[in-house]
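See below for the structure under consideration.
Note that the numbering runs from 1 along the sequence shown for the chain.
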Amino acid sequence: KAAAPVDERNTLNGTLKVHLKKARELKDADFLGKSDPYVVAAVEDDVARSSVKNGTCDPVWEESLVIAVKNATLGANIEMSVYDDDDGKGGDPLKDDFLGKVLVPLPDHPDAAGVFDAEW
């Protein structure tokens with residue numbers, strides 16, 4: 001059976017650029033030393049991830065994450081999850097310690113356009 005056509009007026013499509021600044025007072029997830037945090041930013045199934053900041057619970061990234069958003073639901077969230085890179089190989093969210101997350105709501109109106117400015 002063929003999939004139903006997507007009504008683009010009810011979805012978010014395009015390139016989302018998230019400027020990742022910093023985090024403070026993250027949990028020290030390593031047995032010896034400090035955490036090695038990185039961020040995974042996701043809008044539904046569309047994902048981008050940051051670099052790993054080694055040996056800190058107060059990481060400063062100052063980097064941009066670009067998410068190619070395809071057919072996301074209006075009003076979807078950007079889920080920003082922070083993990084501790086346990087093995088020093090660049091991070092794997094399926095294996096690494098979860099440190100926390102924040103949900104940032106995206107516009108829920110089909111005519112919303114332009115720059116969405118929210119800071120957490």
* Can you tell me if CD on E25 sees more than 12 non-hydrogen neighbours from other groups inside 6.0 Å? -> no
* Where do E44 and A72 come nearest, in terms of heavy atoms and distance? -> OE1-CA, 3.1 Å
* Between L20 and V69, is there a shared hydrophobic cluster once you connect ILVMFWY residues whose side-chain heavy atoms come closer than 4.5 Å? -> yes
* Same cluster (ILVMFWY, side-chain, under 4.5 Å), L65 and V104 -> yes
* Considering non-hydrogen atoms only, spot the tightest contact between V60 and K22 and give its length. => CA-CB, 4.0 Å
* Mark yes or no for whether S35, through its side chain, and K27, through its backbone, hold a donor-acceptor pair below 3.5 Å. => yes
* To do: For L26 and P37, work out which heavy atoms get closest and say how close.
  => CD1-CB, 3.7 Å
* So, does N13 use its side chain to make a donor-acceptor pair with the main chain of N71 at under 3.5 Å? -> yes
* **Minimal non-hydrogen separation, Y38 against W61, with atom names** => CA-CZ2, 3.9 Å
* Does any N or O in the side chain of D96 come within less than 3.5 Å of the main-chain N or O of D86, such that one atom is a donor and the other an acceptor? -> yes
* Structure fact -> Value for CD (E63) from CZ (R49), rounded to nearest 0.5 Å, stands at 9.5 Å
* Asked: Judged by atom type as modelled, is there a donor-acceptor pair below 3.5 Å linking the side chain of D85 to the main-chain atoms of D36?
  -> no
* Supply the atom-to-atom distance T15 OG1 to K70 NZ, rounded to the nearest 0.5 angstrom. => 9.0 Å
* Would you mind reporting whether T11 and L74 have side-chain heavy atoms less than 4.5 Å apart? => no
* **Residue pair E62 / K21, side-chain heavy-atom distance below 4.5 Å** => yes
* Please check if L106 and V102 belong to a single hydrophobic cluster, counting links between Ile, Leu, Val, Met, Phe, Trp and Tyr side chain heavy atoms closer than 4.5 Å. => yes
* Does one hydrophobic cluster hold both V18 and L99, with members joined at side-chain heavy-atom distances below 4.5 Å? -> yes
* Would you give the length of the straight line joining atom CG of D58 to atom CZ of R24, rounded to the nearest 0.5 angstrom? => 8.5 Å
* **I67 side, atom CD1; I78 side, atom CD1 - distance, nearest 0.5 Å** => 6.0 Å
* Asked: Between K34 and C57, which heavy-atom pair has the shortest distance, and what is it?
  -> CB-SG, 4.2 Å
* Is a side-chain N or O of S50 found less than 3.5 angstrom from the main chain of V39, in a donor-acceptor match? -> yes
* Do V43 and L12 have side chains that get closer than 4.5 Å, going by heavy atoms? -> no
